[in-house]
Structures are given as structure tokens and as C-alpha cells.
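Note sheet for the following structure.
Just so we're on the same page: letters track the sequence lines, and every chain starts at 1. Only heavy atoms go into these numbers, but all of them, side chains included; no hydrogens, no water, no symmetry mates.
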Amino acid sequence: MDKSYNHKEVEERIYKLWEDTGYFNPDNLPDAKKRKPFCIIMPPTNANGNLHAGHALVITIEDIMTRYKRMKGFKSLWLPGLDHAGFETQVVYERKLEKEGRSRFKMSPEDLYREILEFTNSNKSNIKSQTRKMGASCDWSRENFTLDENIIKTVYETFKKLYEAKLIYRGKKIINWCPKHQTSLSDLETKDEERTEKLYYLKYGPFTIATARPETKFGDKYVVMHPKDKRYKDYKEGQKIQLEWITGPIIATVIKDEAIDMEFGTGAMTITPWHDPVDFEIAERHNLEKDQIIDFRGRLLSIAGEFSGMKILEARPKIIEKLQAKGLVKKIEENYKHTVKTCYKCNSLIEPQIKKQWFLKMKPLAKPAIKAIEQDKIKFIPKHYKKIILHWLKNIIDWPLSRQIVWGIPIPVWYKGEEVFIGENPPEELGWVREEDTFDTWFSSGQWPFATLKSKEGDFKKFYPTDVMETAGEIIFFWVARMIMLGIYATKKIPFKTVYLHGLVLDAKGQKMSKSKGNVINPLDITDKYGTDALRIGLVMGNTPGTSLSSDENKIRGFRNFSTKIWNASRFVLMNLEDYKKVKMTAKDKKKVADFKKKAKEITKLMDDYKFYRAAEKIYGYFWHTFCDKIIEESKKDLAGENRASAQNMLLEILSGSMKILHPFMPFITEEIYQALPLKNKKKSLIIEDWPK
RNA sequence: GGGCGGUUAGCUCAGCUGGUUAGAGCGCCGCAUUUACACUGCGGAGGCCGAGGGUUCGAGUCCUUCACCGCCCACCA
């Protein structure tokens with residue numbers, strides 16, 4: 001063995017050795033037929049950039065589970081995948097275009113699609129080589145991409161099935177519109193932002209109404225109050241009132257609705273159904289007319305009279321000026337705090353709009369999911385996520401599936417007048433027009449576990465339902481909940497037994513990593529400097545599921561030192577094994593081996609309980625402070641005396657056992673050492689060795 | 001407005017179903033230097049386990065109230 005551990009050279013050579021054995025593919029494992037299946041589907045990596053610390057954590061945890069189960073004798077499949085990541089990728093690409101002084105809106109959809117595809121393809125190979133560097137023992141022969149033909153086929157089948165079951169419908173409903181990205185977004189893709197703005201009290205005939213958005217008020221011709229509000233008892237539902245409004249006289253109609261909060265403002269409000277979800281609901285209930293005031297680019301329409309064509313924020317002060325001149329402004333409250341919805345990617349103010357879109361009815365899909373979770377058919381780690389997901393599922397609303405972006409799976413629908421055809425290819429006759437929108441990317445990733453397993457003959461039967469879904473707690477609603485619902489719907493089975501959710505990787509001070517703060521850890525830099533094994537165990541140790549992990553270079557350096565320790569201890573043992581032969585051990589040495597086995601048993605229990613952070617800590621502490629500091633030190637006397645052979649046996653047994661236990665955490669260095677050990681019945685690779693019993 | 005998580009050594013965090021002197025890593029302070037390893041070894045300092053109350057023979061660990069920090073969800077014009 002070399003005097004020091006050269007991680008760069010070893011990692012490259014060892015990963016190749018593993019790939020050459022073919023054991024990442026469970027079909028190639030020894031006695032593959034007799035093994036019980038174990039399966040993890042890798043969350044498909046967004047192919048729009050480099051691996052970041054979060055990816056490194058995913059790969060590490062999932063690889064630990066996969067390697068552990070493989071050593072425990074399972075037919076262990078970890079299926080890798082890449083994600084076109086629809087909107088996310090398009091946003092990344094649009095930023096790139098912006099920097100180049102270009103714009104998606106000046107390109108044909110075909111050109112834009114082609115460019116993003118090229119961009120994604122070049123990232124794919126990058127991501128894959130980085131995943132290999134992390135030591136991932138996934139089966140590359142089963143790799144899937146979310147735009148693969150067979151995936152799309154499955155997605156279309158599900159869509160059709162849902163449509164025929166009347167769970168999918170096309171509706172003209174209010175949606176979240178991002179004026180910058182020119183697409184609708186689901187509620188999950190928006191975030192609330194608290195703003196302090198002015199609240200205007202306006203005279204509306206005999207009423208006073210309050211609004212923070214006077215620029216939406218042009219078409220307001222309904223005034224709504226609570227049916228029990230005594231202040232307005234003299235006004236009857238449907239009563240018409242003529243009054244002077246922004247651009248002239250109008251006829252307003254009185255509406256009574258219980259959605260009105262009597263405590264707020266004057267208890268009377270006008271509604272803008274086209275641009276406000278609450279108002280939309282009221283209008284739907286009372287069958288009221290809806291007028292569009294603002295176009296999809298955020299400019300006022302002709303209904304705004306002299307303000308038409310103006311951007312809404314420019315128009316606001318001018319409208320107020322006019323209202324003041326007409327004596328319609330009663331009062332202005334300066335510091336009115338309220339929350340507004342913004343696009344989660346660009347922070348633009350969301351402008352609700354009414355648009356014809358495809359929706360998925362969620363209540364019927366949520367029902368069996370709720371039941372499964374309530375009956376603990378799915379185990380959540382950590383368990384408090386059970387409550388969180390149940391709460392969300394119980395309050396679920398319909399899911400808008402349509403996105404007005406090119407980078408995604410096209411919605412397989414054709415129209416001819418009122419007729420609708422579901423399918424990729426329209427009927428023979430002429431005149432069918434294709435739907436232009438694409439699916440929300442989560443509609444396809446929500447089907448990932450069964451879509452991927454169906455792409456290889458026999459896999460679905462063998463590996464579905466899968467065992468563990470490991471992903472970031474952040475995307476529990478986006479992804480996990482939808483996989484459960486769509487999985488149960490499409491396959492009648494819950495797609496996984498256990499959901500393991502990890503937290504964010506934070507910097508040393510506990511702050512979220514971001515490029516602007518300059519505190520991002522690039523996993524590949526760390527790997528380069530300290531070795532993949534050091535990074536891996538550094539990401540796991542002290543990392544409780546669900547909570548965030550603080551990490552910095554200093555910590556990783558400590559684990560590099562551990563690698564060195566492992567290397568040197570192994571070197572010492574090997575240096576003393578030239579004349580090794582198997583003999584019976586002394587009672588003292590037997591006791592040491594027995595102690596190790598006891599430790600191994602404790603660790604196995606922790607591994608089975610998904611407490612990798614504690615398992616890692618245990619083997620770390622044992623190896624360094626018991627094996628190195630005590631056992632090796634004490635053995636030096638024996639090695640020089642009559643008990644030499646016994647000591648050799650004892651050292652080899654504990655060292656090889658430790659390499660096995662450390663292997664899921666630190667695969668490279670342990671394999672390298674394993675290859676050098678003079679063991680009987682040695683396997684081709686440590687990855688198929690038996691886990692210590 | 002509702003819900004969830006956190007508060008333990010200077011820092012980052014463990015501590016499972018309550019049980020002898022509360023743990024780890026990093027940091028800090030001594031000592032050791034032709035040792036497998038200085039990317040080291042040995043030794044050490046450092047904690048009224050957020051605050052109050054309760055249950056118990058016994059509580060970081062269970063119950064309760066409060067404070068502060070963080071996150072999520074929600075249509076208040």
C-alpha cells in the first residue's frame with residue numbers, strides 16, 4: 001500500500017471496477033433469483049446545471065441505503081433519472097437568453113425548444129459524470145429521462161384514463177398568471193410576500209369601498225355585502241343603483257354574499273372577478289358577468305378608457321388623481337399591510353386571470369391517499385410529515401395542469417370547434433387544431449415510480465411498489481403527495497412503503513446557501529480537495545432526517561483526517577500480515593472480536609431504523625477510538641511475541657468487518673483496502689460482501 | 001388566523017420507549033516528537049439541558065403555561 005491515500009487515483013479506478021463487475025444492475029448479482037427485491041427510485045435530477053450540495057446529500061443517503069441492502073442480500077435496485085424540469089429549466093434558460101440580450105418572445109417555439117433541448121443534453125452528461133464521482137451505485141442501464149418516449153407514453157395513458165373518468169376537465173377558471181414568464185402557475189408555484197401599500201377608501205354611490213388596487217376597479221359593477229349586515233338592510237339583492245364611477249356613470253347591482261367580512265372596512269366591497277380569486281368565486285355563485293381589465297402582459301385594456309395601454313403600476317397614481325378630482329376618494333390609509341402573491345422564480349406580482357385550462361380534480365384522488373396515510377401504509381421519516389401531508393391533502397384544490405411554456409410534455413389534445421380529441425395523433429379528417437400548452441412538469445414526475453419501472457420488461461412486476469422514496473422535505477406537496485395520489489390511481493398500489501425526507505444543507509452559520517451570499521459549497525470542489533468519502537460521511541454524520549444540516553469545509557476536513565486514519569490503520573495491519581495464517585484466537589482476542597460484533601449488531605439496528613447519522617457516528621467512534629487507539633496499540637506487544645498469530649487473526653477480522661460497515665458511507669477507501677486484504681473466499685468486490693451478522 | 005419544528009459545552013448538533021458522574025465533531029488549554037498515522041497520541045478545561053409550574057422514588061427525556069427563533073399553510077377587499 002502507498003504511504004498515503006490518494007483519493008483521486010483510487011476513486012476513478014474503483015468506480016470503474018464496480019461498473020465492470022456489473023453489480024449495480026441487480027440482475028447481475030450473485031444468486032439474483034433468490035434475492036428479495038429492494039428498490040429506490042432516484043428523484044430525477046434537474047438537468048439544468050451542476051450538482052449542488054442538496055444533490056450530494058440525496059446521492060449519499062440513497063447510496064447508503066442501496067449499498068446496505070445489497071450487502072444484506074437484497075436484489076438492490078437504485079434507478080437513476082434525469083428531469084427536463086419544465087418551468088425550472090425554462091426559467092434558467094430564459095435568464096441565459098436575457099444575458100445574451102435575447103428573448104424567448106422573439107423566437108419561434110420550435111427554435112426555443114431545440115435550444116433548450118441542446119442545453120439540457122449537454123447538462124445531462126455533466127450531471128451523470130458528477131453523480132458517478134459521488135460514488136452512486138445506481139443502475140445506469142435503467143436510466144430514464146422524463147422526456148423519454150416510454151415515459152411520455154405512460155403519462156398520456158394516465159391522462160386519457162383520468163379524462164375518461166371525468167377527473168380531468170377543461171375549465172375557464174381563474175389562475176395565477178406570471179406576467180414576466182407568460183404562463184399560469186399552480187398555487188405551489190407562487191409565494192406570499194408581505195407588502196405595505198396604501199389602502200384607498202372610495203365613494204361608490206351611497207357606499208364606501210376599500211381597495212389596494214384601484215387600477216382593477218374600472219369594470220366593477222357589483223357591490224357586495226353580507227346578507228346579515230344591518231347597515232345595509234335597506235338594500236335588496238339585485239337592486240340597481242346609478243352612480244358616478246371612474247370613467248363615467250354606471251349602473252351597479254347589489255349582491256349579498258356570506259363571504260364578506262363585516263368587520264373589514266365598511267363591510268361593502270365591489271368585485272373584480274377576472275382578477276381576484278375571491279371575487280371570481282362570488283361571481284360564479286351569483287352567475288355574474290366577468291370583464292377582463294388587464295391583459296396578459298400587465299397593461300390596462302380599453303375598458304380603462306384614457307388609461308388603456310398603461311402598465312398597472314404606472315396607472316395607479318394617475319387613476320387616484322382623477323378619482324380625487326372627481327371627489328370620489330374619501331380617505332387614504334398609508335401603511336396598509338397585506339400579502340400579495342408573487343412568482344416563486346422571478347418575484348413578479350402574480351396577476352390572476354381567467355383562462356381556459358386543463359384541470360385535474362383532486363378530491364377523489366386525495367381520498368384513497370388520505371386513507372392510506374391514516375392507516376400508516378406509508379411510513380414517514382421523520383414522522384411529523386404525516387400530519388403535514390394529511391392537512392394539505394384534506395384541503396386540496398383542483399390542480400391546473402396547463403403551462404404556456406414550450407419546454408415540457410405537450411398536452412395530447414386536439415380541438416375542432418367544440419369537439420375534443422384525446423391522443424397524440426388526431427383523426428384523419430382535416431381541421432383539427434393541436435393544444436399548444438404543455439403539462440406542469442410535476443404531472444409527469446408524479447408518475448415517476450411506475451413510469452420508470454414500466455420502461456423495462458418485468459421491472460414493474462418485480463420492484464413495484466418500491467421500498468423507499470427519499471427526497472427533500474421541501475417538495476412533499478409538489479412531488480410526494482402527487483406521486484401517492486397518481487400512483488394509487490394508475491396502479492391501485494401505493495408507490496412506496498417509506499418516505500424519507502431530508503432537510504436543507506446550510507452553511508456553517510446555519511444560513512441557506514445561495515450564490516448571492518457566496519456561501520455555496522460546490523460538492524465537486526470538496527470531493528476534489530478532500531475525497532468523496534470525506535464529503536459523504538460529512539453529509540450524513542450529525543444529519544437528522546428532516547432537519548437542516550450545517551456544513552462547512554472545516555467539518556469535511558475532519559472527515560478527510562478520518563480517511564487518513566483508516567488508511568494508516570489498515571496499512572499497519574497489512575504490514576503485520578506477511579506471515580498470516582488462520583489460527584484459533586486467544587480468549588483475550590476473541591473477546592475483542594465479540595465486542596466488535598456487538599457493536600456491529602447495534603449499528604445494524606440503527607441502519608434498519610434509518611438512523612444513518614447515528615450508525616455513522618458509532619462506527620466512526622469505534623474505529624478511531626477503540627480499534628486504532630486501544631486495540632491496535634495493545635496488539636503491538638502481542639505481534640512481537642508468542643501471540644502474534646492470534647493478534648493477526650483478530651486484527652484482520654475486525655478490520656475487514658469495519659470495512660464492511662463503513663462501506664455504505666465511505667465506499668471508495670473501504671473497497672480499496674478490502675482489495676488488499678488476505679481474506680479467504682474473497683468476493684470480486686466489497687459491494688457484494690455480506691453485512692456482518 | 002391555523003399548524004409544525006427548534007431552544008443542550010465557544011460553534012454545529014446527538015441524546016431511542018424517563019434510570020447510575022449529560023455525549024460527539026470542530027474549536028480552546030497543557031504535555032508528547034525518529035511512532036501505522038502530526039491529516040497524530042495522551043491528558044484537560046468547558047453545560048442550574050430557554051423560563052415557570054406539575055406528574056414520578058427518579059425528567060434534557062412525560063404533561064402544562066410562557067418567552068424567543070425558524071418554517072409551512074390560509075381568499076380578508
Could you tell me the separation between the CZ atom of A:F612 and the P atom of B:C16, rounded to a whole number of Å?
18 Å

As a test of reading the structure: which of B:A36, B:C16, B:G25 is closest to the side chain of A:R614, going by heavy atoms?
B:C16

Applying the Watson-Crick and G-U criteria (both distances under 3.5 angstrom) with [ ] for crossing and | for other-strand pairs, one obtains for RNA chain B (((((((..((((.....[...)))).(((((.......))))).....(((((..]....))))))))))))....

Could you tell me whether the side chains of A:N643 and A:K637 share a donor-acceptor contact shorter than 3.5 Å?
no

Considering only atom C1', compute the distance from B:G2 to B:G27 and round it to an integer number of Å.
42 Å

Taking only side-chain nitrogens and oxygens of A:K3, does any of them come within less than 4.0 Å of OP1 or OP2 of B:A36?
no

Rounding to a whole Å, what distance do you find between A:F627:CZ and B:A36:P?
14 Å

Options B:G41, B:C39, B:C16, nucleotide nearest the side-chain atoms of A:D629
B:G41

In whole angstrom, what separates A:Y620's OH from B:A24's C1'?
9 Å

Choosing from B:G15, B:U40, B:G25, which nucleotide comes nearest the side chain of A:K565?
B:U40

Measure the distance from CG on A:N395 to C1' on B:G1 and round it to the nearest whole Å.
14 Å

Specify the separation, in whole Å, of atom CG of A:L535 and atom C1' of B:C39.
17 Å

N/O (side chain, A:N561) to phosphate O (OP1/OP2, B:U40) under 4.0 Å
yes

Whole-Å distance, A:Y530 OH to B:C39 C1', equals 10 Å

Hey, is B:G60 sitting syn or anti, using the within-90° cutoff around 0?
syn

Send over the distance from A:F562 CZ to B:C26 C1', rounded to a whole Å.
16 Å

For the pair made of CZ in A:F623 and C1' in B:A36, what is the distance, rounded to whole Å?
11 Å

Counting only side-chain heavy atoms from C-beta out, which of B:A24, B:G41, B:C39 sits nearest to A:T564?
B:C39

Side-chain donor/acceptor of A:K636 to base of B:A36, under 3.5 Å:
yes

Atom pair CD/CD of A:Q239 and A:E237 - distance to nearest 0.5 Å:
10.5 Å

Starting the side chain at C-beta, find the nucleotide from B:G15, B:C37, B:G41 nearest to A:Y613.
B:G15

Give me the distance, rounded to whole Å, that separates B:C31 from B:A24 when you measure between the C1' atoms they each carry.
24 Å

Within a reach of under 6.0 Å around CD of A:E263, are more than 12 heavy atoms found that belong to other residues, nucleotides or ligands?
no

Could you tell me how far B:G60 sits from B:C66 if I compare only their P atoms? Round to whole Å.
23 Å

Along nucleotides 72-77 of chain B, 5' to 3', which nucleotides get a B, which get an S, and which get a -, given that the test is a protein heavy-atom distance under 4.0 Å?
SSBBBB

Please say which of A:Y613, A:F559, A:F612, A:F627 ends up in a ring pair (Phe, Tyr, Trp, His ring centres under 6.0 Å) with A:Y620.
A:F559

Measure from the side-chain heavy atoms of A:K611 and tell me the nearest of B:C26, B:C16, B:G25.
B:C16

Would you say the ring centroid of A:H502 lies under 6.0 angstrom from that of A:Y500?
no

For B:G41, does either OP1 or OP2 sit under 4.0 Å from a side-chain N or O belonging to A:W624?
yes

With a non-hydrogen cut-off below 4.0 angstrom, is A:R560 in contact with a base, only sugar-phosphate, or nothing?
base

Residue whose nearest RNA chain B nucleotide is more 5′ - A:I632 or A:S4:
A:I632

If you measure from the P atom in B:G25 to the same atom in B:G41, how many Å do you get, rounded?
10 Å

Say we look at B:G47 and B:U8: how far apart would their P atoms be, to the nearest angstrom?
14 Å

Measure centre to centre between the rings of A:Y204 and A:W245, then say whether the value is under 6.0 Å.
yes

So, does A:Y201 use its side chain to make a donor-acceptor pair with the main chain of A:G265 at under 3.5 Å?
no

So, are A:D398 and A:K363 salt-bridged, with charged N and O less than 4.0 Å apart?
no

Using the P atom on both, measure B:U17 against B:G10 and round to a whole Å.
27 Å

Within a 6.0 Å radius of atom NZ on A:K601, are there more than 12 heavy atoms belonging to other residues, nucleotides or ligands?
no

Would you kindly check whether a donor in the side chain of A:K555 faces an acceptor in the base of B:C26, or vice versa, at under 3.5 angstrom?
no

Quick one: sort the A:F623 and A:F562 rings into parallel, tilted or perpendicular, breaks at 30° and 60°.
perpendicular

Distance, C1' atom - from B:G50 to B:G6, rounded to whole angstrom
11 Å

Integer angstrom distance from the P of B:C16 to that of B:G5:
16 Å

Could you tell me whether A:H625 contacts a base, only the sugar-phosphate backbone, or nothing, with contacts defined as non-hydrogen atoms closer than 4.0 Å?
sugar-phosphate

Whether A:F477 and A:W392 hold their rings parallel, tilted or perpendicular, with breakpoints at 30° and 60°:
parallel

Can you see which heavy atom on A:K172 is nearest to which on A:I354, and at what distance?
CG-CG2, 3.8 Å

